[in-house]
**Q** 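What follows is a structure written as structure tokens; I'll ask about it next.
On a predicted model such as this, the values are computed, not experimentally measured, just so you know.
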Amino acid sequence: MIKIRKRNVAENTNKSPLRVGIIGMGPIGSILAANLVDAGAFVIACDIDRAKIDMIKEAGIKIEGKIEKHVRVAGGCYSLQELDGYDLDIIGIAVKAFNLKKVVSLLSESGSKKSFVMCAQNGLDNELEVSGVCGEDRTLRMVVNYGGAMTSPNTVRMTFFNSPNYIAPLSPCGKAMASRITSMLSSVNLKTEAPGDIRSFIWEKSILNSAMAHGAIAQLTMKQVMDSPEAVEIVKAIIDESVCVAEAEGIKFRENFREFSLKYLESGGHHRPSMAVDLGNGCKTEIDYLNGRIAEYGRKHGIPTPYNRIVTILIHLIEQSLPNPGRQPS
């Protein structure tokens with residue numbers, strides 16, 4: 001049995017390796033875990049897919065493509081109950097957005113009440129889901145600007161990285177932890193910054209993901225979408241109406257955000273966004289946390305969002321037509 005050492009949530013020492021648990025070993029979680037190991041962290045991988053964890057424990061995590069790494073994690077587990085047996089400084093949650101509430105609820109029932117909790121998935125308001133249960137003092141939000149695809153249970157092909165990522169706490173209590181993680185990731189060439197206000201970056205990334213929703217319906221790569229003048233017109237329309245909604249929420253964007261967005265999406269190359277992968281695998285998507293959430297905010301402010309609403313409805317119809325519409329990605 002592993003002995004649990006109690007620690008105050010505000011404690012953050014650089015004298016010992018950072019102890020991290022990563023929940024969800026898909027492309028986002030695997031890349032994050034591998035880079036934290038490379039930066040010197042003690043990392044425990046957690047996933048309900050037993051075969052995946054078994055392979056990670058036996059052969060480590062491999063990252064190919066934009067970044068090449070092969071690392072060994074300190075351990076692996078199949079459940080949050082097992083993860084609770086480790087004395088962790090921070091737990092990163094890299095599951096799909098629709099699973100976040102369940103994961104956070106299970107964390108709240110465990111003994112992991114001293115660890116910081118960092119959400120690292122697509123969508124708006126995920127950090128509020130975490131802070132509503134764990135409290136603002138324990139909550140961090142990560143905006144991920146890399147992407148990839150699993151080529152085997154323990155191997156990710158990293159297809160792009162539009163530097164930097166962003167990590168920020170919801171209260172000053174997490175500032176030292178956010179600074180430590182960003183420094184560690186940046187030290188191994190996964191540049192990550194800790195902005196004073198992360199809200200604009202959350203909205204920017206959510207809009208970028210939402211702008212590819214019609215490509216997911218058509219099962220297209222980012223390059224295929226951006227090479228089509230007709231598809232790009234839809235991209236621009238989604239961006240424009242989403243920006244109007246965000247500005248009504250008080251979000252301030254970088255100058256020439258539309259131009260920045262188009263360049264960002266063009267740099268994705270042959271990457272298939274996660275929504276396209278999920279639909280292609282007959283799985284549920286994160287549409288409600290992207291276009292669907294933007295449409296909700298539009299209704300709140302009386303702003304029409306026809307493009308976001310239409311793609312949300314279409315993807316809902318596709319999900320309902322699946323043999324098992326509740327099926328989730330592995």
**Q** Under 4.0 Å between a Lys/Arg side-chain N and an Asp/Glu carboxylate O for K69 and D38?
**A** yes
**Q** Would you mind checking if K96 and D278 are paired as a salt bridge, meaning a charged N to carboxylate O distance below 4.0 Å?
**A** yes
**Q** What distance separates I53 CD1 from C46 SG, expressed to the nearest 0.5 Å?
**A** 6.5 Å
**Q** Residues two or more places apart in sequence or in another chain: which of them pass ring-ring contact (aromatic ring centres under 6.0 Å, His included) with F160?
**A** H271
**Q** Pick one: which of I202, V243, L124 meets side chain to side chain contact (heavy atoms under 4.5 Å, CB included) with I207?
**A** V243
**Q** For the residue pair L100 and Q121, establish whether any side-chain heavy-atom pair is separated by less than 4.5 Å.
**A** yes
**Q** Any non-hydrogen side-chain atom of V143 less than 4.5 Å from a side-chain atom of N165?
**A** no
**Q** Rounded to the nearest 0.5 Å, what's the gap from OG on S210 to CD1 on I294? Could you check?
**A** 3.5 Å
**Q** I'd like to know if the side chain of S171 pairs up with that of D137 as donor and acceptor (distance under 3.5 Å, no hydrogens or angles considered).
**A** yes
**Q** For F201, does the CZ atom have more than 12 heavy-atom neighbours from other residues, nucleotides or ligands under 6.0 Å away?
**A** yes
**Q** Are M55 and I22 connected in a single hydrophobic cluster, I mean Ile/Leu/Val/Met/Phe/Trp/Tyr linked by side-chain heavy atoms less than 4.5 Å apart?
**A** no
**Q** Does any donor atom in the side chain of S242 or N308 lie under 3.5 Å from an acceptor atom in the other side chain?
**A** yes
**Q** Could you tell me if the side chain of N99 sits less than 4.5 Å from the side chain of K284, heavy atoms only?
**A** no
**Q** Output every pair passing side-chain hydrogen bond (donor to acceptor under 3.5 Å, both in side chains) with a member in residues 141-151, not counting sequence neighbours, ordered by first then second residue.
**A** E127-R141, N145-Y264
**Q** Less than 4.5 Å apart, any side-chain heavy atom of L83 and any of L88?
**A** yes
**Q** I'd like to know whether K236 forms a salt bridge (Lys or Arg N to Asp or Glu O under 4.0 Å) with E233, so could you lay out the CA-CA distance, the side-chain angles of the two residues, the decisive distance to 0.1 Å, and finally the verdict.
**A** CA-CA 5 Å; K236 292 176 180 177; E233 287 304 308; 3.8 Å; yes
**Q** Indicate, with yes or no, if I90 and V188 share a hydrophobic cluster defined by side-chain heavy-atom contacts under 4.5 Å among Ile, Leu, Val, Met, Phe, Trp and Tyr.
**A** no
**Q** Side-chain heavy atoms under 4.5 angstrom apart, residues restricted to Ile, Leu, Val, Met, Phe, Trp, Tyr: same cluster for M184 and F116?
**A** yes
**Q** Is H270 close to T159 at the side-chain level, that is, under 4.5 Å between some pair of heavy atoms?
**A** no
**Q** Taking the side chain as everything from C-beta on, heavy atoms only, tell me whether N154 gets closer than 4.5 Å to I61.
**A** no
**Q** Tell me the closest heavy-atom pair linking S200 and D197, and the distance in Å.
**A** OG-O, 4.2 Å
**Q** Indicate yes or no: does K62 engage E68 in a salt bridge with an N to O separation below 4.0 Å.
**A** no
**Q** Honestly, is R19 close enough over Y86, meaning NZ or CZ under 6.0 Å from the six-membered ring centre and within 45° of the axis?
**A** no
**Q** Tell me every residue that passes side chain to side chain donor-acceptor pair (under 3.5 Å) with E64, counting only those two or more places apart in sequence or in another chain.
**A** none
**Q** Are N162 and S267 close enough that a side-chain donor and a side-chain acceptor fall under 3.5 Å?
**A** yes
**Q** Could you check whether any side-chain heavy atom of S30 comes within less than 4.5 Å of a side-chain heavy atom of M150, counting everything from C-beta outward?
**A** yes
**Q** Is it the case that over 12 heavy atoms from other parts of the model lie below 6.0 angstrom from the CD1 atom of I48?
**A** no
**Q** With hydrophobic residues grouped by side-chain heavy-atom distances under 4.5 Å, do Y307 and V311 end up in a single group?
**A** no
**Q** Rounded to the nearest 0.5 Å, how far apart are CG of D227 and CD of E266?
**A** 8.5 Å
**Q** Is it true that, when you exclude K57 itself, more than 12 heavy atoms of the residues, nucleotides or ligands shown sit nearer than 6.0 Å to its NZ?
**A** yes
**Q** Could you tell me the separation between the CD1 atom of I63 and the CG atom of N35, rounded to the nearest 0.5 Å?
**A** 7.0 Å
**Q** With no hydrogens and no angle check, is any side-chain donor or acceptor of E319 less than 3.5 Å from a backbone partner on T285?
**A** yes
**Q** Has R72 got a side-chain atom pairing as donor or acceptor with E58's backbone, closer than 3.5 angstrom?
**A** yes
**Q** Distance from M212 atom CE to L290 atom CG, nearest 0.5 Å?
**A** 12.5 Å
**Q** Determine whether more than 12 heavy atoms belonging to other residues, nucleotides or ligands lie under 6.0 Å from atom NE2 of H70.
**A** yes
**Q** Should the pair D240-R258 be classified as a salt bridge under the 4.0 Å nitrogen-to-oxygen rule?
**A** yes
**Q** Of the non-hydrogen atoms in S131 and T139, which two are nearest, and what is the gap between them?
**A** CA-OG1, 3.3 Å
**Q** Around atom CD of E259, are there more than 12 heavy atoms of other residues, nucleotides or ligands at under 6.0 Å?
**A** yes
**Q** What distance separates C119 SG from E129 CD, expressed to the nearest 0.5 Å?
**A** 9.5 Å
**Q** I would like to know whether Q219 and L279 meet side-chain contact (heavy atoms from CB on, under 4.5 Å); could you show each step before the answer?
**A** CA-CA 8 Å; Q219 287 294 290; L279 287 180; 3.7 Å; yes
**Q** Would you indicate whether R50, at its atom CZ, is surrounded by more than 12 heavy atoms from other residues, nucleotides or ligands within a distance under 6.0 Å?
**A** no
**Q** Between V133 and S108, what is the shortest heavy-atom contact and its length?
**A** CG1-CB, 3.3 Å
**Q** Between A295 and R309, which heavy-atom pair has the shortest distance, and what is it?
**A** CB-CG, 3.8 Å
**Q** Of the non-hydrogen atoms in L262 and I239, which two are nearest, and what is the gap between them?
**A** CD2-CD1, 4.5 Å
**Q** Do D288 and R293 sit within salt-bridge range, that is, some charged N less than 4.0 Å from a carboxylate O?
**A** no
**Q** Determine, stepwise, if the pair W203 / F257 fulfils ring pair (Phe, Tyr, Trp, His ring centres under 6.0 Å).
**A** CA-CA 11 Å; W203 272 88; F257 175 64; over 10 Å; no
**Q** Please evaluate residues R254 and E204 with respect to the criterion salt bridge (Lys or Arg N to Asp or Glu O under 4.0 Å), reporting the C-alpha separation (whole Å), side-chain torsions for both, the decisive distance (0.1 Å), and the verdict.
**A** CA-CA 9 Å; R254 68 186 76 202; E204 285 186 359; 2.7 Å; yes
**Q** Would you check if Y166 and M142 make a side-chain contact, meaning some heavy-atom pair closer than 4.5 Å?
**A** no
**Q** Would you mind checking if K300 and E249 are paired as a salt bridge, meaning a charged N to carboxylate O distance below 4.0 Å?
**A** yes
**Q** Can you name the nearest heavy-atom pair linking P273 to M222, along with the distance?
**A** CG-CG, 3.7 Å
